[in-house]
Amino acid sequence: MALTRAEFLRLLPVAVADSPFRAEGDEIVSNGGSPPWRIRLEDRPPRAFGPVGIPVLAVTLDVDADGATREAFVARFLLGYQRAGG
């Protein structure tokens, strides 16, 4: 993702529909919501776009569910990080 860790964490409550969570270093774990999920973050070197550095945050999302439940959670998660262009 082209986000800083701070930006990711600021948007996370919307992405997980205000499901409770706790941060443990580079991992963020659901705390009672359904379905259970876990996120691992890894800061990567910025990508150069001319003279500007674009932040890069590697995000791994694990959702403990299958089928439609997982797909709905992932769709909601991705929607929480969409940005409008214009």
Side-chain angles (χ1 to χ4, degrees):
M1 294 186 155
L3 296 168
T4 65
R5 186 177 295 250
E7 291 169 326
F8 180 87
L9 293 172
R10 180 179 60 80
L11 296 169
L12 184 60
V14 171
V16 297
D18 290 317
S19 175
F21 62 86
R22 65 185 185 281
E24 301 170 346
D26 288 339
E27 289 197 340
I28 304 163
V29 181
S30 65
N31 195 17
S34 181
W37 52 267
R38 177 180 301 268
I39 297 170
R40 284 184 299 283
L41 303 176
E42 180 184 345
D43 293 302
R44 300 263 175 94
R47 290 197 177 150
F49 186 70
V52 178
I54 306 294
V56 178
L57 184 65
V59 178
T60 304
L61 172 63
D62 294 316
V63 181
D64 189 14
D66 17 298
T69 302
R70 181 192 338 238
E71 289 175 18
F73 183 88
V74 171
R76 168 67 190 231
F77 180 83
L78 294 174
L79 186 63
Y81 288 100
Q82 280 186 356
R83 295 179 185 185

**Study point:** Partner residues of Ala17 under the side-chain contact (heavy atoms from CB on, under 4.5 Å) criterion, sequence neighbours left out
**Key:** Arg76

Point to revise | Closest approach of Ser30 to Arg22 (non-hydrogen atoms, all atoms of both residues) | key: O-NH1, 3.6 Å

Check your understanding: Would you call the rings of Tyr81 and Phe8 parallel, tilted or perpendicular, where under 30° means parallel and over 60° means perpendicular?
Key -> parallel

Review point. In terms of hydrophobic clusters joined by side-chain contacts under 4.5 Å, are Val56 and Leu61 together?
Key: no

Practice item. State the CG-CZ distance between Asp62 and Arg38, to the nearest 0.5 angstrom. Key: 8.0 Å

Practice item. Could you work out the complete set of other residues in the hydrophobic cluster of Val14, with links drawn between I, L, V, M, F, W and Y side chains under 4.5 Å apart? Key: none

Point to revise | CZ (Arg47) with more than 12 external heavy atoms under 6.0 Å | key: no

Practice item. Return yes if some donor-acceptor pair links the side-chain N/O of Glu7 with the main-chain N/O of Thr4 below 3.5 Å, else return no. Key: yes

Review point. Are Phe21 and Met1 linked, directly or through other ILVMFWY residues, by side chains that come within less than 4.5 angstrom of each other?
Key: yes

Review point. Which value, rounded to the nearest 0.5 Å, describes the distance between Asp43 atom CG and Leu3 atom CG?
Key: 11.0 Å

Practice item. Using a strict 4.0 Å threshold on nitrogen-to-oxygen distance, state whether Arg40 and Glu42 make a salt bridge. Key: no

Under 3.5 Å, side-chain donor or acceptor atoms of residues 63-70 against the rest of the protein: list the pairs with distances, not counting sequence neighbours.
residue: Arg70; atom: NE; partner: Ala65; partner atom: O; Å: 3.3
residue: Arg70; atom: NH2; partner: Ala65; partner atom: O; Å: 2.9

Practice item. Please examine the side chains of Ile39 and Phe77, heavy atoms only from C-beta on, and report whether any two atoms are closer than 4.5 Å. Key: yes

Point to revise | Cluster link Leu41 to Val29, ILVMFWY, side chain under 4.5 Å | key: no

